[in-house]
Amino acid sequence: MNYWLMKSEPEAFGIDDLERVRLEPWDGIRNYQARNFIRDRMQPGDLALFYHSNANPTGIAGIMNIAGPPRPDPTAFDPEAKYYDPKSQPENPRWYLVDVRFKRKLRRIITLAELRACPELSNMQLLRKGNRLSIMPIEENHWRTILDLE
DNA sequence: GCCAACGTTGGC
DNA sequence: GCCAACGTTGGC
């Protein structure tokens, strides 16, 4: 089983939205590194931290699990969709998504500042300068350390 | 809103 | 293949 961190802007879709709908296709990923994590390494049953980016406060807001196998992102095929990509064809999809299921909200947001202040997490990819990846793996020891902060 | 850091695109 | 221009991400 793998651990992940997945970013979303709560103004667009936050942990409260996921709590309401319970199950959501995590669509719109248009970055190859993130795509490869989804397509090649995500499995049903994996756990993921729900990270609020561009938020106040920014940080980890909840936990979800990967609810199904990776599948082609249908929004890439839809000319009306915001993340339409004419280079992605149904017979040769370029972009993938997974469905995620709400597990729980954290009792409080674990802020980015707290993560930065935690020495055990100093080498996390999330905290590296210039990091913009919206989906990334989390090491098991980091996962435990983060949730111990709650 | 600003801006640093990246990723992508396209001319050559 | 190089690299400048441009677009996007995301913290602040």
Side-chain angles (χ1 to χ4, degrees), chain A residues 2-21 24-42 46-66 70-139 141-150:
Chain A
N2 307 301
Y3 297 96
W4 304 97
L5 180 144
M6 300 167 78
K7 297 179 184 173
S8 178
E9 301 190 9
E11 207 158 296
F13 186 84
I15 190 70
D16 292 332
D17 299 302
L18 183 60
E19 181 173 30
R20 187 168 356 97
V21 300
E24 175 78 2
W26 201 271
D27 58 20
I29 299 298
R30 298 293 180 268
N31 167 283
Y32 288 103
Q33 209 179 338
R35 188 277 312 268
N36 292 346
F37 285 138
I38 293 172
R39 188 189 58 184
D40 304 337
R41 291 180 51 192
M42 277 194 176
D46 287 358
L47 290 171
L49 301 169
F50 194 129
Y51 179 91
H52 282 178
S53 62
N54 258 317
N56 192 14
T58 180
I60 294 163
I63 302 175
M64 51 196 172
N65 48 51
I66 306 306
R71 59 188 175 91
D73 183 345
T75 68
F77 308 138
D78 176 6
E80 304 300 314
K82 182 178 176 192
Y83 293 107
Y84 173 58
D85 181 356
K87 295 188 204 123
S88 186
Q89 300 295 321
E91 59 275 13
N92 183 23
R94 174 173 298 203
W95 304 114
Y96 284 73
L97 61 72
V98 285
D99 297 288
V100 298
R101 188 183 308 281
F102 178 82
K103 187 171 170 71
R104 70 177 180 89
K105 265 177 88 165
L106 299 194
R107 290 190 289 277
R108 61 185 191 85
I109 304 259
I110 299 175
T111 65
L112 181 59
E114 284 179 83
L115 298 176
R116 286 197 193 285
C118 185
E120 293 96 322
L121 301 175
S122 58
N123 59 345
M124 262 183 75
Q125 194 167 3
L126 176 73
L127 304 181
R128 288 194 204 128
K129 185 178 170 185
N131 168 68
R132 287 174 17 188
L133 200 56
S134 64
I135 293 184
M136 68 190 80
I138 298 286
E139 292 173 22
N141 58 326
H142 288 160
W143 177 277
R144 280 197 303 269
T145 302
I146 291 167
L147 291 182
D148 282 348
L149 293 174
E150 187 187 6

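Just so you know, these numbers use all the heavy atoms, side chains as well, and skip hydrogens, waters and symmetry mates. If you're wondering where the values come from, they're calculated on a predicted model, not measured in any experiment. Proteins get letters first, then strands, A, B, ... in listed order; numbering begins at 1 in each.
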Is the phosphate of C:dT8 approached by A:Tyr83 (side-chain N or O, under 4.0 Å from OP1 or OP2)? no
Atom CE of A:Met136 to atom C1' of C:dT9: distance rounded to whole Å? 12 Å
Winner on side-chain proximity to A:Tyr32, out of C:dC12, B:dT8, C:dG7, is B:dT8
Rounded to whole Å, the CD1-P distance (A:Ile29 to B:dG7) equals 15 Å
What are the two closest heavy atoms between A:Arg132 and A:Lys7, and how far apart are they? C-NZ, 3.9 Å
Nearest heavy-atom approach of A:Ile15 to A:Ala61 is CG2-CB, 3.8 Å
Spacing between A:Arg116 atom CZ and C:dG10 atom P, to the nearest angstrom: 13 Å
For A:Tyr32, run the ring-ring contact (aromatic ring centres under 6.0 Å, His included) check against A:Tyr96, A:Trp95, A:Phe37 and tell me which one passes. A:Trp95
So, is A:Lys129 near the phosphate of B:dA4, with a side-chain N or O under 4.0 Å from OP1 or OP2? no
Residue among A:Arg30, A:Arg94, A:Arg35 satisfying side-chain hydrogen bond (donor to acceptor under 3.5 Å, both in side chains) with A:Asp73: A:Arg30
To the side chain of A:Ser53, which of C:dG10, B:dT9, B:dA5 is closest? C:dG10
Nucleotide of C:dG10, C:dC12, B:dC6 approaching A:Arg132 most closely (side-chain heavy atoms): B:dC6
Side-chain N or O of A:Lys7 closer than 4.0 Å to phosphate OP1/OP2 of C:dG10: yes
Nearest-angstrom distance from the residue atom CD of A:Gln125 to P of C:dT9: 17 Å
When you measure from the side chain of A:Lys87, which nucleotide among B:dA5, C:dC12, B:dT9 comes out closest? B:dT9
note: A:Arg30, atom CZ; C:dG10, atom C1'; distance rounded to Å ~ 19 Å
Rounded to whole angstroms, how far apart are CG on A:Asn54 and P on B:dA4? 17 Å
Would you call the rings of A:Phe50 and A:Trp26 parallel, tilted or perpendicular, taking 30° and 60° as the class edges? perpendicular
Using atom CG of A:Asp85 as one end and atom P of B:dT8 as the other, report the distance to the nearest whole Å. 12 Å
How long is the line joining CG of A:Leu115 and C1' of C:dC12, in whole Å? 16 Å
